[in-house]
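Have a look at the structure below, then the notes.
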2 protein chains.
Amino acid sequence: MSPRQADPGARTGLIEAGARIIAVEGPAAVSARRLGREVGASTSAVYTHFGGMAEFRRAVRGEGFARLATHLDAVPITDDPVADLTRLGWAYCTNALTNPHLYRVMFMEAPIDPADAQTGWDTFERLVSTVQRCMDAGRFVRCPTALHGAEQIWTMTHGVVSVVLSGMIDLDQAEKLLNDMGASVFVGLGDSWNDAGRSIAAGRPSNMGVLAAIRTAPSPSRARPSTGRTSGPPGGKHQSR
Amino acid sequence: MSPRQADPGARTGLIEAGARIIAVEGPAAVSARRLGREVGASTSAVYTHFGGMAEFRRAVRGEGFARLATHLDAVPITDDPVADLTRLGWAYCTNALTNPHLYRVMFMEAPIDPADAQTGWDTFERLVSTVQRCMDAGRFVRCPTALHGAEQIWTMTHGVVSVVLSGMIDLDQAEKLLNDMGASVFVGLGDSWNDAGRSIAAGRPSNMGVLAAIRTAPSPSRARPSTGRTSGPPGGKHQSR
DNA sequence: ATCCATTGCGTAACAGCGTTACCTTACGCC
DNA sequence: GGCGTAAGGTAACGCTGTTACGCAATGGAT
């Protein structure tokens, strides 16, 4: 007694439509009706394939992690693991800043449940193993475990990315922050200032900058045409007190 | 020709109701109808006082910044500016983790416009001036400007807080990260390892931990009763490769 | 004191949202 | 070939933000 079986392509079609809508118009534009219209189905498609919008959003988040993993895996492995770490950081930033809405859905929405956290850490496996290579190479001599080092590097990078997405600092400052804090964290993990500086310079993307493309195409989503000033943090006169 | 003038208390009443609902039930529970019901008015109150839900949310965000400023201003000023900086960091974390929903609204939602970014930096004035004191005391000898140092410290702290809120790491790991990365950043700004360690120890909240209260009351909002495990990052077997 | 322009604000309607009950339809096994 | 099962469309429910409309209240001008 095998009844009609669901179209296997429909599920991935919905997820891709969701990711596309999020990328272009933001998470608010994703609705069951819109998704149905987009794939030529009705609202109930979301319910037969996912059980509800909440589960659907989880699936889209998983797609986001998969895409991030693809970006990270594209980073080559060289004999300078700290430079590789730097390259992973830039790849992470590029992925996040070219798909800000998807990044927000992945890391900045309501707390994800433990299973999703595991998914996140699985995609960071590449980061953890690179930190391990830094330890094996005698660069991160003060790093207790690869996971702890990876947590530091990811937290720092995520902090910078997230602060750029919030509009509190601009891309130029973010670049400075990543360079300076990256060096500080690497040294804190045991590298020497000279070696860290050399590896960070080596890991700097050749087509400087990767972020230039993002800078010229400021907002791939916000419908608001422009409020005028681009501002950033408080001007230069901000030498404190 | 002066017509009936609006109740001046209605505006603040709406904002406070919004902040309260966000804190308890999350941003999704805030609606024009709910707000009207809450203050004994109708949906149009939001429109006469704010012009729409978007403007209203901006006002609530401003309220969040005001509360954060209050928390930061409560931190005493001592003769160890780096310890003061540490205390500011803990105050920031306590504020964020006791009001996670409000924090999310302030820093993790759609890009705020330049005026709001200015508001944010105004509430960080206290942080900037404390970094300046660290420079004046000869502690942050490698820090080019107080604003740059403040950006580093805030970005790092926000990164950790935000990663806790995302559920990817737990509070114990966050505490380690804040201590370790805080030391790295302080040293990167020019402090010595010994001085940084001493000041961080001095700035550690006496009632250790401030976060214990948060840990015991895990989630002041999520209606979901419990999915079972509390997990966190991947278990201990995660020593990489 | 009266009047009236002006604005606050409640009511009701609109379109769109997530979700679900109901029903038709298409499929694989007997 | 027919039947049972599940896919998936239709339509409704209550919710949302937003707005047009109308009544109520108010302070200056008369």
Side-chain angles (χ1 to χ4, degrees), chain A residues 1-22 24-61 101 104-105 109-110 113 221-224, chain B residues 1-22 24-61 101 104-105 109-110 113 221-224:
Chain A
M1 300 296 170
S2 297
R4 175 182 185 178
Q5 63 188 8
D7 179 7
R11 188 186 161 90
T12 63
L14 284 170
I15 292 178
E16 276 169 19
R20 179 164 27 88
I21 296 173
I22 286 176
V24 177
E25 303 175 47
V30 175
S31 71
R33 285 172 173 82
R34 170 73 181 275
L35 287 168
R37 224 180 303 141
E38 207 84 11
V39 303
S42 77
T43 64
S44 62
V46 176
Y47 292 85
T48 54
H49 289 283
F50 300 94
M53 286 301 287
E55 289 297 313
F56 175 75
R57 274 186 256 266
R58 284 193 59 214
V60 174
R61 192 152 41 201
H101 288 309
R104 216 185 303 274
V105 167
E109 287 196 343
D113 63 90
S221 58
R222 295 262 281 170
R224 192 102 29 103
Chain B
M1 298 299 172
S2 296
R4 176 180 184 180
Q5 63 188 9
D7 179 8
R11 190 187 160 91
T12 64
L14 283 170
I15 292 178
E16 275 167 22
R20 178 163 27 89
I21 295 172
I22 286 176
V24 177
E25 303 174 47
V30 175
S31 71
R33 285 172 174 80
R34 172 73 182 275
L35 287 168
R37 222 180 304 139
E38 208 83 12
V39 304
S42 79
T43 64
S44 62
V46 176
Y47 291 85
T48 55
H49 289 284
F50 300 94
M53 286 300 287
E55 289 296 313
F56 174 74
R57 273 186 255 267
R58 283 193 59 215
V60 174
R61 191 151 44 202
H101 288 309
R104 215 184 304 272
V105 166
E109 286 196 345
D113 64 90
S221 57
R222 296 261 282 170
R224 193 101 32 99

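Keep in mind that this is a model prediction, so the values were computed, not measured. In what follows, every chain begins at residue 1, and chains take the letters A, B, ... in the order their sequences are listed.
- Atom pair B/Arg34:CZ and D/dT16:P shows a separation of 9 Å (rounding to whole Å applied).
- In this structure, B/His49 reaches the C/dC9 phosphate: one of its side-chain N or O atoms is under 4.0 Å from OP1 or OP2.
- Rounded to whole angstrom, the span from the CZ atom of A/Arg57 across to the C1' atom of C/dC17 amounts to 11 Å.
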Identify every side-chain donor-acceptor pair in residues 43-52 of chain A under 3.5 Å, counting partners at least two apart or on other chains, and give the distances.
{"from": "A/Ser44", "atom 1": "OG", "to": "A/Ser42", "atom 2": "OG", "distance (Å)": "2.9"}
{"from": "A/Thr48", "atom 1": "OG1", "to": "A/Ser44", "atom 2": "O", "distance (Å)": "3.4"}
{"from": "A/Thr48", "atom 1": "OG1", "to": "A/Ala45", "atom 2": "O", "distance (Å)": "3.0"}

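- No engagement by B/Ala10 is indicated, since no non-hydrogen atom pair under 4.0 Å with the nucleic acid exists.
- Heavy-atom minimum distance, A/Arg57 versus A/Val30: NH1-O, 4.2 Å.
- In this structure, A/Glu55 atom CD and C/dG18 atom P are separated by 15 Å, rounded to whole Å.
- Judged by distance alone, the side chain of A/Arg104 and the main-chain N or O of A/Glu109 form no donor-acceptor pair under 3.5 Å.
- B/Tyr47 has its OH atom 12 Å from the C1' atom of C/dC14, to the nearest Å.
- Taking atom CZ of residue A/Arg11 and atom P of nucleotide D/dA6, one finds them 18 Å apart after rounding to whole Å.
- Computed from coordinates, the A/Phe50 CZ to D/dG8 P distance equals 12 Å when rounded to whole Å.
- Residues B/Ala32 and A/Ala41 each lie close to DNA chain D; by heavy-atom proximity, the contact nearer the 5' end of the strand is made by A/Ala41.
- In this structure, B/Asp113 and B/Arg58 approach most closely via the heavy-atom pair OD2-NE, 3.6 Å.
- As judged by a 4.0 angstrom heavy-atom cut-off over every strand, A/Gly36 is placed among residues making no nucleic acid contact.
- Considering only heavy atoms from C-beta on, B/Val39 stays 4.5 Å or farther from B/Glu16 through its side chain.
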Distances under 3.5 Å between nitrogen or oxygen atoms of protein and nucleotides 11-13 of chain C:
{"from": "C/dA13", "atom 1": "N6", "to": "B/Arg33", "atom 2": "NH2", "distance (Å)": "3.2"}

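- Heavy-atom minimum distance, B/Ala59 versus B/Ile15: CB-CD1, 3.8 Å.
- Between D/dT16 and B/Ser31, a contact under 4.0 Å exists linking OP1 or OP2 to a side-chain N or O.
- Closest contact between the side chain of B/Met53 and the listed nucleotides C/dG10, C/dT19, D/dT18 involves D/dT18.
- Residues passing the side-chain contact (heavy atoms from CB on, under 4.5 Å) test with B/Arg34, sequence neighbours excluded: B/Ile21, B/Glu25, B/Ala29, B/Ser31, B/Arg37, B/Glu38.
- Following rounding to the nearest Å, A/Leu35 (CG) and C/dT19 (C1') show an atom-to-atom distance of 14 Å.
- Rounded to a whole Å, the CZ atom of A/Arg37 is 13 Å from the P atom of D/dT10.
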